[in-house]
Protein chains: 2
Amino acid sequence: MEAAIETLKREGFAGASARAIASTAGVNQALVFYHFGTVNDLLLAALDATSERRMVRYQEAVANAAGPAEVIAVARDIYREDLDAGHLTVLGAVIAGASTVPELGPALIERIRPWIGFTAEHLGGMLGGSPLADLAPAEDAAFAIVALYLGMELLTSLDGDQAHAESLFAALERLSLPLAALLGTPAKQEGHPHA
Amino acid sequence: MEAAIETLKREGFAGASARAIASTAGVNQALVFYHFGTVNDLLLAALDATSERRMVRYQEAVANAAGPAEVIAVARDIYREDLDAGHLTVLGAVIAGASTVPELGPALIERIRPWIGFTAEHLGGMLGGSPLADLAPAEDAAFAIVALYLGMELLTSLDGDQAHAESLFAALERLSLPLAALLGTPAKQEGHPHA
DNA sequence: GTCTATACTTGGATAGAC
DNA sequence: GTCTATCCAAGTATAGAC
């Protein structure tokens with residue numbers, strides 16, 4: 001599984017053949033099928049492994065962040081970490097691969113769902129009773145954020161250029177202060193307590 | 001090229017082989033190589049064709065929209081149109097494919113750049129002298145929007161489920177009113193005219 | 001320009017020895 | 001569990017007839 005991650009990062013989905021992965025691992029190609037049945041299953045197992053590691057990391061990082069400014073800083077740091085660790089690369093590669101191997105689709109949405117859930121949960125906590133909560137449900141915002149992360153990773157992987165992403169995070173940091181003000185003040189709540 | 005678009009929409013990148021495309025077109029497989037040299041070049045040509053059509057459509061649609069609310073409505077309508085026309089599908093498929101065929105990467109960024117430029121241009125017009133313009137440059141926002149579109153398309157294509165995207169657009173429409181207020185009122189400009 | 005035929009390559013997958 | 005050997009399918013690409 002480590003070799004699969006390594007190969008996905010280095011060669012992308014197309015390069016992640018049973019032969020290539022086995023060669024990275026220094027073992028024989030047939031072992032892939034002995035242990036995992038198919039290459040796709042190995043790829044999904046590898047994705048699960050890195051996802052789990054990253055989820056733990058995300059949770060501890062977000063737990064220590066209070067308010068939009070810190071959360072955005074955490075998001076940026078973690079995005080960088082993800083790129084280094086190759087987690088986003090692996091995810092992007094497999095999602096990209098899913099467009100070429102449709103069987104992967106359903107397996108992948110199951111693996112992305114927790115990330116949307118995780119994001120929605122923390123957004124929900126932040127938006128709390130703020131006026132934004134009614135306008136923009138946490139689930140929608142979470143979907144958008146996950147889609148944004150994914151789109152950024154794919155665009156960034158096309159050129160090697162990370163300037164766009166960094167510049168975007170810088171802009172978000174600048175936005176975090178007025179945003180904090182907006183969230184901090186529950187603002188003219190007209191007090192209509194709907195369920 | 002029509003057959004290539006059709007095949008990409010129906011079968012994804014993996015299914016878009018010279019054989020499959022030729023079969024869709026009702027011609028012989030060898031013609032792909034006679035006319036386009038390689039399959040990738042055909043795919044890029046097809047992408048160019050649909051991109052050009054869509055760009056014309058985007059421009060005329062956005063030209064008639066004034067203010068955030070209308071622009072968001074236009075964005076939603078056009079997103080739906082794109083899904084129908086398959087333009088986003090084709091783009092998503094080829095981008096996904098690029099992760100498996102690295103030679104496509106540079107060719108693709110050249111083809112995406114105009115879309116970021118187009119988006120930035122119109123955002124620039126809208127943000128104008130608003131207080132947001134300093135905090136969030138149009139280029140960053142444009143990059144984010146394009147990434148978001150792409151990510152949405154890829155996530156949506158994993159399941160067949162468009163509910164997320166529709167729900168997100170609905171939320172954005174609700175947000176467009178306060179946003180319009182924010183943009184309309186140049187707001188407490190402390191009047192520090194920096195270059 | 002379009003076809004048939006075919007060479008070549010790569011990768012998934014299995015059988016069977018060890 | 002790991003290896004060698006091998007089969008088979010699918011795809012790119014080219015040669016050459018028409």
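Note that the structure is a prediction, hence the values are computed from the model and not measured.
If you check every strand for non-hydrogen atoms under 4.0 Å, B/Val32 touches nothing. Within 4.0 Å of B/Val27, counting heavy atoms only, lie sugar-phosphate atoms of the nucleic acid but no base atom. At the heavy-atom level, B/Ala18 lies under 4.0 Å from the strands shown only through sugar-phosphate atoms.
A/Trp115 and A/His87 have tilted rings, their planes meeting at an angle from 30° to 60° on a 0 to 90° scale.
For the pair B/Asn28 and A/Gly37, nearest-nucleotide mapping onto DNA chain C gives the more 5' position to B/Asn28. Nearer to the 5' terminus of DNA chain D, by closest-nucleotide assignment, is the contact made by A/Gly26 (compared with the other of A/Gly26 and B/Ala14).
Considering only the side chain of A/Arg19, C/dA13 comes nearest among C/dA13, D/dT14, D/dT2. Listed nucleotides D/dC3, D/dA13, D/dG11 differ in distance to B/Gln29; the shortest reach to its side chain belongs to D/dA13. In this structure, the nucleotide among D/dA13, C/dT2, D/dT4 sitting nearest to the side chain of A/Ala30 is D/dT4. Closest approach to the A/Ser17 side chain among C/dG11, C/dT2, C/dA13 is made by C/dG11 (side chain taken as heavy atoms from C-beta onward). The listed nucleotides are D/dA13, D/dG11, D/dT2; the one nearest the side chain of A/His35 is D/dT2.
Distance B/Phe33 CZ to C/dT2 C1': 15 Å, rounded to the nearest Å. In this structure, B/Leu31 places its CG atom 10 Å from P of C/dT4, rounding to the nearest Å. If you measure from atom CZ of A/Phe13 to atom C1' of C/dG12, you get 12 Å, rounded to the nearest angstrom. The nearest whole Å value for the distance from the CD atom in A/Glu11 to the P atom in C/dG11 is 10 Å. In this structure, A/Phe36 places its CZ atom 15 Å from C1' of D/dT2, rounding to the nearest Å. A/Asp41 has its CG atom 13 Å from the P atom of C/dG12, to the nearest Å.
In this structure A/Phe33 satisfies the ring-ring contact (aromatic ring centres under 6.0 Å, His included) test with no other residue, sequence neighbours excluded.
Under 4.0 Å is where a charged nitrogen must lie from a carboxylate oxygen, and between B/Arg53 and B/Glu2 at least one such pair does.
In this structure, B/Val74 is a member of the same hydrophobic cluster as B/Leu88, with clusters built from ILVMFWY side-chain heavy atoms closer than 4.5 Å.
One distance of note links CD of A/Glu6 with CD of A/Glu11; it measures 9.5 Å at 0.5 Å rounding.
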